[in-house]
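See below for the structure under consideration.
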Amino acid sequence: MAASTGSNQAIKPDSNLFKSFVGVAAIKKGYEGVDRDKIARTVYEASKDSLYFNHQQKRDEALTEKCNALMERKRLLEESDTTSQLFHADKVVARLKNNRDLSQSIVHIDCDAFYASVEQRDRPDLKDVPFAVGDTVVAACNYIARKTGCRAGMVIAVAKKMCPNLKIVKPNHDRYREVMAQICKAMQKYDPGYEICGTDEAYLNITKYCKEFDIKPWDVVESLRKDIRHETGIAVAAGIAANTQLAKISSTFIKPDGQYQLPSEPDIMMAFIKDLPVRKVTGVGHTLDRQLASIGVATCDDIFSQRQFLRDLFGDRLFEFLLEVYLGCGRTELQATLDQQKKSASIERTFKETSAPDIVERNLRTVCEHVEAKLKELNRAGQTLTVKVKMNDFESYSKQTKLPKAISSARDIFQHSLPFVKATLASKPHQPCRLLGVRLTQLVSKNYTLNAAFQRMADKSTHSKPDSLSGAKEKQLSSPAGKRKLGDNLDSRALSPRKKKSNLALENPEVNPLEPPRCPDEMVRCPICDRDQPLDNVTFNQHLDICLSSSEIQKYS
DNA sequence: GCGGATCAC
DNA sequence: TATGGTGATCCGC
């Protein structure tokens, strides 16, 4: 039904696929006044003959079909009597309104173009030139580069086409982690329960701090930003609002530097949201945006006018999430980064495409070894294995299996993964494969009894420093019933890898009382310094003594 | 429980 | 010279 994009020669400038080439340039800061059509044309010209493009095109067509189906279903609903759906929606709106908590001051910290900012800080030669950080894909670029249409996610070869003098900088992930650790240290002072999302964002709840010192949120955030700038030389944007959702939107409001406070008054909150495109809301991605658009929802206010259709069209969870968006609801409780437990460990690698079984097998082995290392770091084993294979047409296949017992060694993982990889390759004769992935979920602790003992020890010595220790606890966060909705979940998905390490590093820069022994077989994790120690009570107790006293010393130094 | 999709960064 | 990696969740079966 819809204009098919199946034939390559005439892609319409107003088609969704075409627009998708502009990508985030459509909504991000730094792209005002950029010629979006030109960006789309350039990207299109550069990619139209690739397998990747074909794949994207297929996906786009599937999405268009989905949207058409939605439109048709909505048309049918419109012909029927929707009073009961309307009634139900209003009931939910009333309930959500009633349950809103406006008493908290949530802050969202956003380091805009984080990698680029760090590089620019360290390298004066980048000051006035367009540059991008990344390997084959742009991870971040400065504002000069953005003016030419360069953006995160773009293939560097294409970015160079648009911006011939674009300078490419290889990412220095260790440096970015250091900077993030410094930022964490600054945040700690205002809210030890801060939550990190991804590599460059964080939430704080400063309600307590404001009360305790009788300072206004605005002033607290001003001094927090000053601290961060002083510690790191990086400017951050901050949003202050009643919940995470609004705080985040507020911070994007004044990027790249500055702060914005949204008063916690229902009318003001809703007016703030009203004309906002739903795409800007955390949790509404490209796909949902397209689907919503097809039924006449472009802004948050449109959600309300279409509320009688949303449950039928999108299901209960999404329905309630959308109403929350309309009301400006969001999480008011943060999940302290130091408390978070990983639920999975995975590695996936793209390599030079090949259909040679022995090479694929070797790649799989490497991937499995990396997974083993990761599990070792977590001191976990996994009971559910997921193997993923992506072929050179970008189609991917996966298989998930629940194993009789948890595994963690590369040998076991490889052994259980290989059959699916082989079968997938065999089902596509002569078709090269470009990526392999292995994930373990249902993670279980490798040393139950000892872990419990450590926790007791940690608890005993933790009074003044709960956060540096709680990472080792098996804390079950029983979320308040009915409070954790889709929005919350969507919002709290990305955790920062290695956050424990970075925090530890900043608190105890030199804490390394005992060199972690090399023999990796029977090891257990020390809850204080987070390093593996031999599974031997005497040695471990010695270690613990040193480690504890050393962290005490650190505390008072 | 499984497989595919979506979303965020 | 050519499209990433990690982690989490949801939906439909």
Side-chain angles (χ1 to χ4, degrees), chain A residues 21 23-24 28 43 45-56 59 62-63 66 110-115 134-140 152-161 171 173 176 180 196-202 248 279 281-291 314-318 321 335 340-353 367 370-371 374 378 383-390 392-403 420 434-443 484-498:
Chain A
F21 291 132
V24 287
K28 280 243 163 148
V43 179
E45 282 306 318
S47 13
K48 60 180 176 182
D49 296 324
S50 68
L51 291 167
Y52 177 75
F53 179 84
N54 286 337
H55 182 250
Q56 289 301 99
R59 287 188 44 170
L63 180 55
K66 215 168 166 184
D110 193 319
C111 321
D112 186 58
F114 184 47
Y115 296 176
D135 265 328
T136 57
V137 172
V138 175
M154 201 173 256
V155 179
I156 286 179
V158 175
K160 275 189 161 164
K161 224 165 240 184
H173 291 287
Y176 311 144
M180 194 56 196
I196 297 175
C197 349
T199 47
D200 62 348
E201 290 183 27
K248 186 170 163 97
R279 183 64 175 89
V281 171
T282 311
V284 180
H286 164 73
T287 307
L288 183 55
D289 182 47
R290 281 269 313 268
Q291 293 180 20
F314 295 108
D316 265 323
R317 301 279 296 184
L318 219 41
F321 166 69
Q335 200 183 21
Q340 288 166 359
Q341 290 285 336
K342 277 230 169 66
K343 294 180 177 168
S344 73
S346 70
I347 295 287
E348 54 183 68
R349 281 291 130 83
T350 299
F351 42 83
K352 197 160 115 59
E353 61 175 55
V367 167
H370 284 271
V371 176
K374 207 170 243 193
L378 296 168
Q383 214 188 336
T384 300
L385 173 74
T386 308
V387 184
K388 175 173 161 185
V389 178
K390 195 196 276 179
N392 75 330
D393 61 359
F394 291 87
E395 207 64 51
S396 59
Y397 309 88
S398 71
K399 179 158 189 68
Q400 181 185 338
T401 35
K402 175 145 180 155
L403 306 167
F420 174 69
R434 76 186 327 271
L435 171 145
L436 291 173
V438 171
R439 174 165 74 241
L440 278 163
T441 44
Q442 304 257 292
L443 301 186
R484 295 210 145 251
K485 300 274 187 303
L486 180 67
D488 299 343
N489 295 331
L490 290 173
D491 215 6
S492 59
R493 272 183 304 218
L495 312 183
S496 160
R498 348 180 78 94

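In what follows, every heavy atom counts, from backbone to side chain, and hydrogens, waters and symmetry copies are set aside. So you know, we letter chains A, B, ... as the sequences are listed, proteins then strands, and number each from 1.
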Residues in salt bridge (Lys or Arg N to Asp or Glu O under 4.0 Å) contact with A:Asp393, at least two apart in sequence or another chain = none
ask   = Which part of the nucleic acid, if any, lies within reach of A:Leu288 when heavy atoms closer than 4.0 Å are counted: base, sugar-phosphate only, or nothing?
value = sugar-phosphate
ask   = Looking only at side-chain N and O atoms, does A:Lys402 come under 4.0 Å of OP1 or OP2 in B:dG1?
value = yes
request  = Pick the C1' atom in C:dG4 and in B:dC7, then give their distance to the nearest Å.
outcome  = 15 Å
query = Looking at side-chain heavy atoms only, is the closest gap between A:Asn54 and A:Phe394 below 4.5 Å?
reply = no
key: Side-chain touch A:Val389/A:Leu436, heavy atoms, less than 4.5 angstrom   = yes
All N/O contacts under 3.5 Å from nucleotides 11-13 of chain C to the protein, with atom names and distances to one decimal?
none

query = How close or far is atom P of C:dT6 from atom CG of A:Leu378, stated in whole angstroms?
reply = 13 Å
inquiry  = Over all strands shown, is A:Lys374 touching base, sugar-phosphate only, or nothing at heavy-atom distances under 4.0 angstrom?
reply    = sugar-phosphate
key: Given C:dG7, B:dC9, C:dT3, the nucleotide with the shortest approach to the side chain of A:Arg434   = C:dT3
Listed nucleotide nearest any side-chain atom of A:Glu201, set B:dC9, B:dA8, C:dT3 = B:dC9
inquiry  = Tell me whether the side-chain N/O atoms of A:Ser346 come closer than 4.0 Å to OP1 or OP2 in C:dT6.
reply    = no
ask   = Looking at the side chain of A:Lys248, which of C:dT9, C:dA2, B:dC9 is the nearest nucleotide?
value = B:dC9
message = Holding to side-chain contact (heavy atoms from CB on, under 4.5 Å), I want the full list of residues that pass it with A:Ala345, two or more places apart in sequence or in another chain.
response = A:Lys374, A:Leu375, A:Leu378
task = May I ask you to say what A:Asp135 touches in the nucleic acid, namely base, sugar-phosphate or nothing, with a heavy-atom cut-off under 4.0 Å?
result = nothing
task = Please report, rounded to the nearest Å, how far the P atom of C:dG5 is from the OH atom of A:Tyr176.
result = 17 Å
Interatomic distance where NE2 belongs to A:His370 and P belongs to C:dG4 [whole Å] = 17 Å
query = Rounded to whole angstroms, how far apart are CD1 on A:Ile347 and P on C:dG5?
reply = 10 Å
inquiry  = Are the side chains of A:Leu63 and A:Gln291 in contact, using a 4.5 Å heavy-atom criterion?
reply    = yes
request  = With sequence neighbours excluded, tell me which residues meet salt bridge (Lys or Arg N to Asp or Glu O under 4.0 Å) with A:Asp289.
outcome  = none
message = Expressed as a whole number of angstroms, how long is the span from A:Met154:CE to C:dT3:P?
response = 15 Å
Restricting to nitrogen or oxygen on both sides, can you table the protein-nucleotides 3-5 of chain B pairs closer than 3.5 Å?
residue	atom	partner	partner atom	Å
B:dG3	OP1	A:Lys399	NZ	3.1
B:dG3	OP2	A:Gln400	N	2.4
B:dG3	OP2	A:Gln400	O	3.0
B:dG4	OP2	A:Ser398	N	3.2
B:dG4	OP2	A:Ser398	O	3.4
B:dG4	OP2	A:Ser398	OG	3.2

note = note: A:Ile156, atom CD1; C:dA2, atom C1'; distance rounded to Å ~ 11 Å
inquiry  = Classify A:Val281 by what it touches in the nucleic acid, base, sugar-phosphate, or nothing, heavy-atom distance under 4.0 Å.
reply    = sugar-phosphate
key: Shortest side-chain distance from A:Ser344, nucleotide among C:dT3, B:dC9, C:dA8   = C:dA8
request  = Using side-chain contact (heavy atoms from CB on, under 4.5 Å) as the criterion, list what pairs up with A:Ala46, not counting sequence neighbours.
outcome  = A:Val158, A:Lys161
query = How many Å lie between CZ on A:Phe321 and C1' on C:dC10, as a whole number?
reply = 13 Å
remark   = side chain to side chain donor-acceptor pair (under 3.5 Å) filter on A:Gln442, not counting sequence neighbours, yields A:Lys402
remark   = DNA chain C nearest-nucleotide lookup for A:Ala46 and A:Glu348: closer to the 5′ end is A:Ala46
query = According to the interplanar angle, ranging from 0 to 90°, do the rings of A:Tyr176 and A:Tyr115 count as parallel (below 30°), tilted (30 to 60°) or perpendicular (above 60°)?
reply = parallel
request  = Could you list the residues that satisfy side chain to side chain donor-acceptor pair (under 3.5 Å) with A:Glu45, not counting sequence neighbours?
outcome  = A:Lys48
remark   = Which of C:dT3, C:dG5, C:dA8 is nearest the side chain of A:Thr350? It is C:dG5
query = Looking at residues at least two apart in the chain, or sitting in another chain, which of them share a salt bridge (Lys or Arg N to Asp or Glu O under 4.0 Å) with A:Lys388?
reply = A:Glu348
query = Rounded to the nearest Å, what distance is computed from the CG atom of residue A:Leu403 to the C1' atom of nucleotide B:dG1?
reply = 13 Å
message = Taking 4.0 Å as the cut-off, does a side-chain nitrogen or oxygen of A:Thr282 come that near to OP1 or OP2 on B:dA8?
response = no
message = Quick check: on DNA chain C, is the nucleotide nearest A:Ala157 upstream (toward 5') of the one nearest A:Leu435, or the reverse? Name the residue that is more 5'.
response = A:Ala157
